[in-house]
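To start, the structure itself, in structure tokens.
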Number of protein chains: 2
Amino acid sequence: MDKKLTIKDIAQLAGVSKGTVDRVLHKRGKVSQKALDSINAVLEQIDYEPNLIARNLKNNKIYSICVVLPNPESDSYWQPCIKGIEQAKKEFKAFNLSISSYYFDPEDTESFIAVNKNVLSLAPDAVLLAPLFYKEALEAVEKYTEQDILVNTFNNQLESEEIRNFVGQDLHQSGRVAAKLIDSIAQKGQIAIVHFDEKFKNAVHMQEKEKGFRNYFSQKGNSDYEITTLKLKRKNYETKFEDFLKENGNLKGIFITTSKAYQIAEIIEKTKKDDISLIGYDLLDKNIAFLNLGTIDFLINQNPKQQVYLGLSFLVDHFIFGKEINHSALLPIDIVNSENASYYME
Amino acid sequence: MDKKLTIKDIAQLAGVSKGTVDRVLHKRGKVSQKALDSINAVLEQIDYEPNLIARNLKNNKIYSICVVLPNPESDSYWQPCIKGIEQAKKEFKAFNLSISSYYFDPEDTESFIAVNKNVLSLAPDAVLLAPLFYKEALEAVEKYTEQDILVNTFNNQLESEEIRNFVGQDLHQSGRVAAKLIDSIAQKGQIAIVHFDEKFKNAVHMQEKEKGFRNYFSQKGNSDYEITTLKLKRKNYETKFEDFLKENGNLKGIFITTSKAYQIAEIIEKTKKDDISLIGYDLLDKNIAFLNLGTIDFLINQNPKQQVYLGLSFLVDHFIFGKEINHSALLPIDIVNSENASYYME
DNA sequence: CACAAAAATGTGCTCGAACACACTAATTTT
DNA sequence: AAAATTAGTGTGTTCGAGCACATTTTTGTG
């Protein structure tokens with residue numbers, strides 16, 4: 001049972017003290033060429049891995065991480081994030097960690113700014129941020145970075161040098177997945193891309209999905225479908241969509257780019273039309289209900305729970321085990337129907 | 001920044017020494033009622049979590065884990081397992097772990113017995129086993145358990161008291177997922193369930209999938225489909241399947257219960273019939289090729305890579321962090337089309 | 001050559017849990 | 001009542017990395 005080699009072993013093999021080996025490993029200088037050579041010779045022969053457990057023993061600081069996300073009560077898309085945070089807390093309970101959540105109002109830029117200001121004043125070690133408002137998020141990230149607070153993002157991609165990590169999905173590709181699904185199930189005819197546009201906050205999101213969706217069909221060529229885009233606002237979406245249905249009798253499929261597919265499904269269900277295929281996003285209870293009913297054919301899982309969990313576990317890996325943080329982690333684009341939905345919800 | 005409470009802190013609060021606290025925590029006895037009471041009083045007030053890092057520092061044993069699985073060269077379904085093992089090795093490199101793989105011939109019961117005998121003689125701390133052969137696997141598990149070797153299984157479920165853990169999928173539900181997919185895409189007509197029957201080694205597997213598939217339609221009632229089962233053997237599958245195609249002109253969908261969908265796809269492709277929907281299993285290169293071509297409509301990902309990785313990480317959690325091992329972990333049943341396949345492969 | 005400054009190297013302590021062992025106090029035995 | 005036994009308690013060491021500090025060696029300069 002050959003145990004792992006330690007710094008002490010290397011020191012012995014190289015004929016120096018562990019202090020010298022330590023200086024070589026950490027490039028702290030103050031080492032003679034002779035000692036350096038003999039230690040390097042040993043290091044080349046053996047495969048030294050520092051014992052992370054021992055390394056972290058000394059470091060008995062409690063790392064505090066703040067998660068900044070929209071209030072799940074305002075938009076239930078974010079509900080699963082709570083579970084993701086709980087899971088991370090449970091999983092990492094044994095380490096010196098303190099994870100706390102801070103909610104902002106997804107409809108209110110000011111609230112986003114205020115919450116970030118508050119979190120900044122708490123001076124945590126890291127922030128996991130859902131950067132819903134582009135400009136304000138960049139400013140927040142800058143301030144955090146000034147205070148040496150590590151910032152990671154999830155859900156929305158933000159182009160910034162300071163961001164060490166992003167956990168989310170490729171929205172363009174997600175649009176292509178939806179297109180392929182429509183292509184698999186919808187009859188020849190018209191296809192509508194429906195954006196539920198609440199104060200444009202998801203504008204970039206929805207545009208990327210639309211681009212991907214259209215890209216699939218234009219790349220494929222000679223399509224059986226005519227694709228139109230429909231923008232709906234919260235206030236009058238019902239009448240506006242009902243009008244759209246009347247005007248477009250040949251509608252065979254709808255791709256809803258937000259998590260509000262159930263609102264379309266409700267209307268479709270009333271019209272008793274069963275030849276319109278519906279593809280939407282996210283496993284909200286209301287969406288699942290229509291999925292089970294057959295009104296919605298497929299949902300694409302953006303996996304908010306996993307996004308938060310992974311984002312947190314990257315931070316833990318970084319703080320506790322000194323691992324480098326990847327620049328970005330793209331989660332799989334899960335295709336969900338009534339039969340496999342439960343596995344993605346729990 | 002209040003740091004975590006240690007044994008020393010508890011000792012101070014209770015007015016005893018850390019040794020006494022240690023005896024209470026580990027129920028080693030030799031503690032007076034008075035000391036016990038005062039320590040318990042402290043423990044009730046605070047929420048003590050032992051520092052796992054410190055606990056494991058002392059324990060500098062190298063844990064050896066053997067993975068026993070079919071030779072990926074005999075059946076490329078198992079190919080991703082190698083990556084799963086590599087990933088686990090990389091991820092857990094920093095801990096005192098030694099993970100090694102042992103292959104058996106999936107067509108040869110004797111080889112399964114021999115490999116397990118060999119692994120048994122190596123006396124590892126744990127074995128992660130793909131229990132392909134039911135009876136022999138039970139015997140092997142029994143022998144391992146006699147030697148106090150922890151056994152976990154993946155891919156195939158095995159009913160046994162000794163098994164602490166299983167990582168895999170619910171095959172019945174996976175059949176239902178396939179049925180729902182067929183129901184979404186196939187035109188009215190005949191549906192065939194195709195079993196590729198290699199020496200019955202997967203018999204239980206395939207039967208469970210078929211049951212789930214049929215269960216979906218019988219539960220739904222008034223189906224547009226007539227379902228037949230076709231068993232093919234490796235030798236003459238081509239002619240047999242071609243005959244089947246000729247005899248069943250109204251065939252609209254095929255559910256292949258193994259990873260050999262590409263063999264059916266090859267034949268379908270030749271006939272130039274494009275109104276037959278194909279659902280199969282597993283992201284083999286050949287399957288992916290037909291998925292991209294459009295011959296295969298969906299693949300169900302059984303995720304062998306993740307199965308092995310999770311199985312190993314459960315063992316690591318157990319050995320390194322003293323976590324309890326769950327009895328079973330059912331992985332999601334991923335629906336894969338040409339657009340989201342890459343996320344499940346890497 | 002002396003002697004200071006700088007460079008190189010080694011020593012020793014820390015982290016928290018676990019446990020061996022030494023030690024004291026209480027109890028029983030002779 | 002002294003000796004022996006046992007119950008109860010505290011102390012000290014270990015694990016490996018990291019780092020402060022002490023110590024030794026080398027180099028430079030008058």
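Per chain, numbering begins at 1; letters A, B, ... match sequence-line order.
- When the nucleotides C/dG16, C/dA18, D/dG16 are ranked by their closest atom to the side chain of B/His26, C/dA18 comes out on top.
- Taking atom CZ of residue B/Arg28 and atom P of nucleotide D/dG8, one finds them 16 Å apart after rounding to whole Å.
- The residue among B/Gly15 and B/Leu57 whose nearest nucleotide of DNA chain D lies closer to the 5′ end is B/Gly15.
- A straight line from CD1 of A/Ile10 to P of D/dG18 spans 11 Å, rounded to a whole angstrom.
- Protein atom CZ of B/Arg23 is 11 Å distant from nucleotide atom P of D/dT11, rounded to whole Å.
- The 5' end of DNA chain D is approached more closely, in terms of each residue's nearest nucleotide, by B/Val31 than by the other of B/Val31 and B/Lys58.
- The side chain of B/Thr20 contributes an N or O atom lying less than 4.0 Å from OP1 or OP2 of D/dG10.
- Counting to the nearest Å, the C1' atom of D/dG16 and the CG atom of A/Asp9 are 10 Å from each other.
- The nearest whole Å value for the distance from the CD1 atom in A/Ile320 to the C1' atom in D/dA17 is 16 Å.
- Taking CD from B/Gln306 and OG from B/Ser313, the interatomic distance works out to 8.0 Å, rounded to the nearest 0.5 Å.
- Judged by distance alone with a 3.5 Å cut-off, a donor-acceptor contact links the side chain of A/Lys18 to the base of D/dG18.
- Note that CG of B/Asn116 and OH of B/Tyr102 are 12.0 Å apart. Values are rounded to the nearest 0.5 Å.
- DNA chain C is contacted by both A/Gly19 and B/Asp22; A/Gly19 maps to the nucleotide lying nearer its 5′ end (nearest heavy atom per residue).
- Applying the 4.0 Å criterion to OP1 and OP2 of C/dA17, one finds that B/Tyr48 has a side-chain N or O inside that range.
- Formation of a donor-acceptor pair under 3.5 Å by the B/Ser76 side chain with backbone atoms of B/Gln79 is not found in this model.
- Look at CD on A/Gln12: it is 14 Å from P on D/dA17, rounded to the nearest Å.
- The distance between atom CD of A/Gln33 and atom P of C/dA7, rounded to the nearest whole Å, is 15 Å.
- The shortest distance between the side-chain N/O atoms of A/Arg55 and the OP1/OP2 oxygens of D/dG16 is not below 4.0 Å.
- Taking the side chain of B/Ser32 as heavy atoms from C-beta on, and the options C/dG10, D/dG8, D/dA17, the nearest nucleotide is D/dG8.
- Between A/Tyr309 and the choices A/Lys83, A/Glu86, A/Glu91, the side-chain contact (heavy atoms from CB on, under 4.5 Å) rule is met once, by A/Glu91.
- Proximity of A/Ser17 to the phosphate of C/dG10: a side-chain N or O atom is located under 4.0 Å from OP1 or OP2.
- Residue A/Asn51 contributes atom CG, which lies 7 Å from atom P of D/dG16 at whole-angstrom precision.
- The side chain to side chain donor-acceptor pair (under 3.5 Å) search around A/Tyr344 returns B/Asp334, not counting sequence neighbours.
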